[in-house]
Amino acid sequence: MTLDNILEEIKKAKTIVILTHETPDGDAIGSSLAMKIAVEELGKKADVIIPKYSRIFSFLPGANEIKEDSSLKKYDLAISVDCADLKRLAKGEEYFETAKTKIEIDHHSINTMFGDYNFVNPVAPACCEILIGMFEYFGIEITQELGTCIITGIITDTGGFQYSGVTAETFEFAAELLQKGVNISNVYTRVLSTKTKANFELSRLASNRMEFLEDGKVTFTYINLEDEKKAGAEEGDHEGLVDIGRNIEGVEVSIFIREKEGANGYKVSLRSKEYVNVADVCLMLGGGGHIRAAGCFLQGTVEEVKQKILEEIKKVLK
Ligand code: 5GP
Ligand code: MN
């Protein structure tokens, strides 16, 4: 069984690196740090390499040990968490591809199975939720620190337990973590309710520019590099802007695009409410993701990118 192989590989490896997707969210960072703690509980050490992440996650246990890079160029074992595709893995070419053994743990519905061992559960609402079951199988005790990392991923990837992927098990896990002393209320406030000033300024811009299309079933908005500069935006300050449109009555799909530096194009974020499979829409555009949250990159101007996305969305809108 894959889990036995994963445990064996961790026990065998002398050097271990943990990686996750670029522009990491709470699930990406929570999963990486949880994996690091788990590896340590198994008596091993691991480097977590994440080149850039939002400072709202710097309170997490182990965040101060996150590395931007490493002097070690070939690890025995590389573990990728919360990433569907080698192309999206930050430092993937440098540290994943070169590792002797490659493990991938993920929950995206479209996954390229790029590891030697792939532990993928597309119905798990967060990668962190997969990790709980895995750690229990390994006999690792879920401590308060480990639980804090895990609940961060669950809270951010479920929008605070609101998305349809949440199951009774998710609440059971949360109850278990609460019993272990994990301060869920504190994590919730830090990672979901607190906005940076720059994020607020960007949301004001994104709201002002919001367009309602296709009889109000689709919203579109954008931010460019100049906006981010003016707002003094840092890594992660665009998070949540795509939700503004989705949360409006009657909207099925929210489109948010953000200019990508030096790439002549825009990073696209899509969210849907009830029936449009945005992972499929993004797959058609060269990206991927989950049924209700997906993304891709498109070259062109704001208007060109908007038209390309709309063309695909119109095919699936009722
Ligand atoms: P976000 O809109 O928050 O950047 O991403 C939403 C979801 O879609 C995330 O689960 C993310 O991993 C996935 N996603 C975003 N952009 C891409 C992309 O370019 N390719 C793939 N395969 N998935 C993406
Ligand atoms: Mn995730």
Side-chain angles (χ1 to χ4, degrees), residues 19-35 50 52-54 57 80-90 92 104-114 119-132 149-159 163 165-166 170 191-192 199 206 219-223 235-246 253-260 263 265-272 276-299 305 308-309 312:
L19 305 167
T20 190
H21 65 79
E22 55 185 15
T23 52
D25 50 21
D27 194 29
I29 295 170
S31 297
S32 303
L33 294 175
M35 198 66 216
I50 303 177
K52 271 199 216 161
Y53 66 95
S54 165
F57 300 114
S80 160
V81 289
D82 195 37
C83 186
D85 184 334
L86 182 59
K87 273 191 307 194
R88 294 206 74 224
L89 193 62
E104 190 227 329
I105 302 160
D106 186 41
H107 72 125
H108 288 84
S109 58
I110 297 158
N111 184 294
T112 61
M113 301 286 176
F114 58 95
F119 193 68
V120 178
N121 176 0
V123 298
C127 186
C128 275
E129 193 167 310
I130 300 179
L131 293 182
I132 300 183
C149 297
I150 285 174
I151 203 67
T152 296
I154 293 180
I155 287 174
T156 54
D157 258 28
T158 63
Y163 302 148
V166 171
T170 313
V191 303
L192 271 195
N199 177 271
T219 56
F220 173 85
T221 191
Y222 70 94
I223 56 167
E235 188 68 20
D237 278 337
H238 65 282
E239 288 291 337
L241 301 183
V242 66
D243 298 319
I244 302 172
R246 194 250 314 264
V253 182
S254 165
I255 311 168
F256 166 67
I257 67 169
R258 172 178 173 242
E259 190 175 2
K260 188 167 173 177
Y266 286 78
K267 187 83 213 352
V268 176
S269 282
L270 296 188
R271 298 291 185 270
S272 66
V276 171
N277 183 333
V278 285
D280 282 353
V281 171
C282 286
L283 189 64
M284 297 305 291
L285 297 167
H290 309 285
I291 297 171
R292 301 276 171 261
C296 62
F297 169 78
L298 291 174
Q299 280 193 320
V305 169
K308 278 186 208 167
I309 308 163
E312 287 306 321

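Just so you know, ligand 1 is whichever comes first in the structure, and atom 1 is the first atom listed for that ligand. Since the model is a prediction, treat every value here as computed from it, not as a measurement.
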Response to the item:
The N/O/S atom of D157 lying closest to the Mn ion (ligand 2) is OD2
Item to complete: Could you tell me which N, O or S atom of D82 is nearest to the Mn ion (ligand 2)?
Response: OD1
Is it true that [Y] and [X] share a donor-acceptor pair across their side chains at a distance under 3.5 Å?
X	Y	result
S54	E239	no
H108	D85	no
N111	E104	yes

Worksheet item: Does any non-hydrogen side-chain atom of D280 lie less than 4.5 Å from one of E312?
Response: no
Worksheet item: How would you list, by chain and number, the residues with a heavy atom under 4.0 angstrom from ligand 1?
Response: R88, H108, K267, S269, R271, G287, G288, G289, H290, A293, A294, G295, C296
Discussion item. Check whether D27 reaches the backbone of C128 with its side chain - one donor and one acceptor, N or O, closer than 3.5 Å.
Written reply: yes
Item to complete: Look at the side chain of T20 and the backbone N and O of I50, then say whether any donor-acceptor pair between them is shorter than 3.5 Å.
Response: no
Discussion item. Tell me the angle that NE2 of H107 and OD2 of D27 form around the Mn ion (ligand 2), rounded to 10°.
Written reply: 90°
Discussion item. C296: which residues meet the side chain to side chain contact (heavy atoms under 4.5 Å, CB included) condition with it, sequence neighbours left out?
Written reply: V268, C282, L285, L298
